[in-house]
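In what follows, a single structure is set out as structure tokens and then discussed.
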Amino acid sequence: MKFYLKKQWIYLAILVLMGIGLLTFGQEFEKVQIETVKVREGVYMLLGGGGNIGVSVGKDGILLIDSQFAQLVEKIKEAIAKINSGPIRVVLNTNWHYDHTYGNELLGKSGAIIFAHENSRKRMISEQNFPELNVKMPPFPETALPLVTFSESLTLHFNGDEIGVIHIENAHSDADIAVYFQKANVIHTGDLYFFGGYPFIDVPHGGSIDGMIGAADRILNMIDQNTKVIPGHGRLSNRDELQKFRNMLATVRDRIGRQIKEGKTIEEVLASKPTADFDKDMGQLIPTEMFVKIVYDDLSKR
């Protein structure tokens, strides 16, 4: 899918990760095609204009993990209807960012019950500021808010599977969850894992590079070589690729951390190209410069 952007890379980050660019260019939604990937029997992944959607279909109806954008909900429903004609009963938000939740309102109005971590609802009911992106976002409408929240974990028994929903704190943000289908052996990581690109880490809202590494370690300990991994962004993945992502994060953190201890400025760190050996495989989402600045800012505050 191609996005038509202005010059600054900051707009790319906004577009891909927050949905603000797409929200200001409504005509681009018409060009978005929803791709359906069968992950396991009864479990699917939808790729479109925002965070990847997980789908569970079966006798109990339909469960969605994330909702992308309101402008794509009809396309999402059409894609799901080709798999199963049941009602969308449950929506799980892996975090509160707009590319994962802006479809909530229409799905909530249609009768779906929205679940999320308690910090997601706290963020969604008030204006949020993204200083690194120089934008503010208004509160969500009432019908888009989670009706069920939790602090640590919960279990859903749905479509013959036991679905574990686990909060992993202070990683991509302070509100992220991973969703693990025990029987199907599938995990949806949300933005705790980006395949094919550097991750956006929402430091002002509780995220950290150390937390991202810890999240990867925790997920790696939960899964095995046969687990299918649905990342927040990028194609369907697996344990080995998640391990490589984790190793990249740790390597870049250590390189930048050493330079901070040496008193290097952000300009000097950027000039040293601390991500150079990863850029070929990781340049598909947010720009390298933005990722380095986020890690530098995070580590500099300690």
Side-chain angles (χ1 to χ4, degrees), residues 1 16 29 31-69 71-95 99-101 103-104 106-107 110 112-115 155-166 177-197 219-220 222-245 284-285:
M1 177 174 53
V16 174
F29 284 108
K31 302 176 183 179
V32 174
Q33 300 297 315
I34 303 297
E35 178 185 354
T36 302
V37 177
K38 184 173 183 179
V39 182
R40 288 268 161 78
E41 192 62 39
V43 181
Y44 295 80
M45 168 180 159
L46 302 182
L47 298 93
N52 292 332
I53 295 177
V55 185
S56 169
V57 301
K59 61 182 178 59
D60 296 323
I62 296 166
L63 176 149
L64 297 187
I65 304 170
D66 289 335
S67 62
Q68 293 194 1
F69 300 100
Q71 293 90 336
L72 296 177
V73 165
E74 288 306 313
K75 289 186 178 184
I76 291 166
K77 287 182 175 180
E78 289 173 6
I80 294 170
K82 295 176 182 178
I83 304 168
N84 187 287
S85 60
I88 299 175
R89 295 184 57 199
V90 175
V91 176
L92 296 169
N93 290 152
T94 60
N95 66 71
D99 57 324
H100 296 262
T101 57
N104 279 13
L106 292 179
L107 294 170
S110 298
I113 299 175
I114 301 168
F115 291 68
T155 302
L156 299 176
H157 300 273
F158 200 83
N159 288 334
D161 210 332
E162 184 174 304
I163 304 171
V165 186
I166 307 105
I177 64 172
V179 183
Y180 182 55
F181 295 82
Q182 300 279 349
K183 182 179 178 181
N185 196 13
V186 174
I187 192 163
H188 192 310
T189 67
D191 284 352
L192 298 168
Y193 173 36
F194 287 53
F195 177 82
I219 293 169
L220 286 165
M222 291 170 56
I223 65 178
D224 59 36
Q225 290 299 121
N226 295 317
T227 306
K228 299 288 188 180
V229 180
I230 301 175
H233 296 268
R235 66 158 174 80
L236 186 65
S237 188
N238 56 49
R239 191 182 191 282
D240 288 344
E241 290 169 342
L242 175 58
Q243 181 70 61
K244 290 179 181 178
F245 175 79
Q284 299 177 34
L285 296 173

Would you indicate whether the side-chain heavy atoms of [Y] and [X] approach each other to under 4.5 Å?
X      : Y      : result
Asp191 : His100 : yes
Pro231 : Glu241 : no
Leu63  : Arg89  : no
Leu242 : Ile223 : yes
Leu46  : Ile80  : yes
Thr227 : Arg239 : no
Thr36  : Val55  : no

More than 12 non-hydrogen atoms from neighbouring residues, nucleotides or ligands closer than 6.0 Å to CD on Gln182, yes or no?
-> yes
Asp66 and Asn93: side chain to side chain contact (heavy atoms under 4.5 Å, CB included), yes or no, with the steps?
-> CA-CA 5 Å; Asp66 289 335; Asn93 290 152; 4.0 Å; yes
Under the 3.5 angstrom rule, does the side chain of [X] hit a backbone N or O of [Y] as a donor-acceptor pair?
X      : Y      : answer
Lys228 : Arg40  : no
Asn159 : Asp60  : yes
Ser67  : Asn104 : yes
Asn226 : Asn185 : no
Glu162 : Leu156 : no
His188 : Asn52  : yes

Single hit among Thr155, Ile177, Thr94, Ile65 for side-chain contact (heavy atoms from CB on, under 4.5 Å) with Val165 | Ile177
Would you compute the distance between atom [atom1] of [X] and atom [atom2] of [Y] and round it to the nearest 0.5 angstrom?
X      : Y      : atom1 : atom2 : result
Lys75  : Glu78  : NZ    : CD    : 8.5 Å
Phe245 : Phe195 : CZ    : CZ    : 11.0 Å
Thr189 : Met222 : OG1   : CE    : 10.5 Å
Phe181 : Ile230 : CZ    : CD1   : 7.0 Å
Phe69  : Thr101 : CZ    : OG1   : 8.5 Å
Ile114 : Leu64  : CD1   : CG    : 10.5 Å

For [X] and [Y], work out which heavy atoms get closest and say how close.
X      : Y      : result
Val39  : Tyr44  : CG2-C, 3.8 Å
Asn84  : Gly86  : OD1-N, 2.6 Å
Ala79  : Ile34  : CB-CG2, 3.8 Å
Ala184 : Asp161 : N-OD2, 3.1 Å
Ile88  : Lys77  : CD1-CG, 4.2 Å

With no hydrogens and no angle check, do the side chains of Gln225 and Asp240 hold a donor and an acceptor under 3.5 Å apart?
-> yes
Val90 and Phe158: CA distance, side-chain angles, deciding distance, side chain to side chain contact (heavy atoms under 4.5 Å, CB included) verdict = CA-CA 10 Å; Val90 175; Phe158 200 83; 4.2 Å; yes
Derivation of the side chain to side chain contact (heavy atoms under 4.5 Å, CB included) call for His233 and Asp99 | CA-CA 10 Å; His233 296 268; Asp99 57 324; 3.0 Å; yes
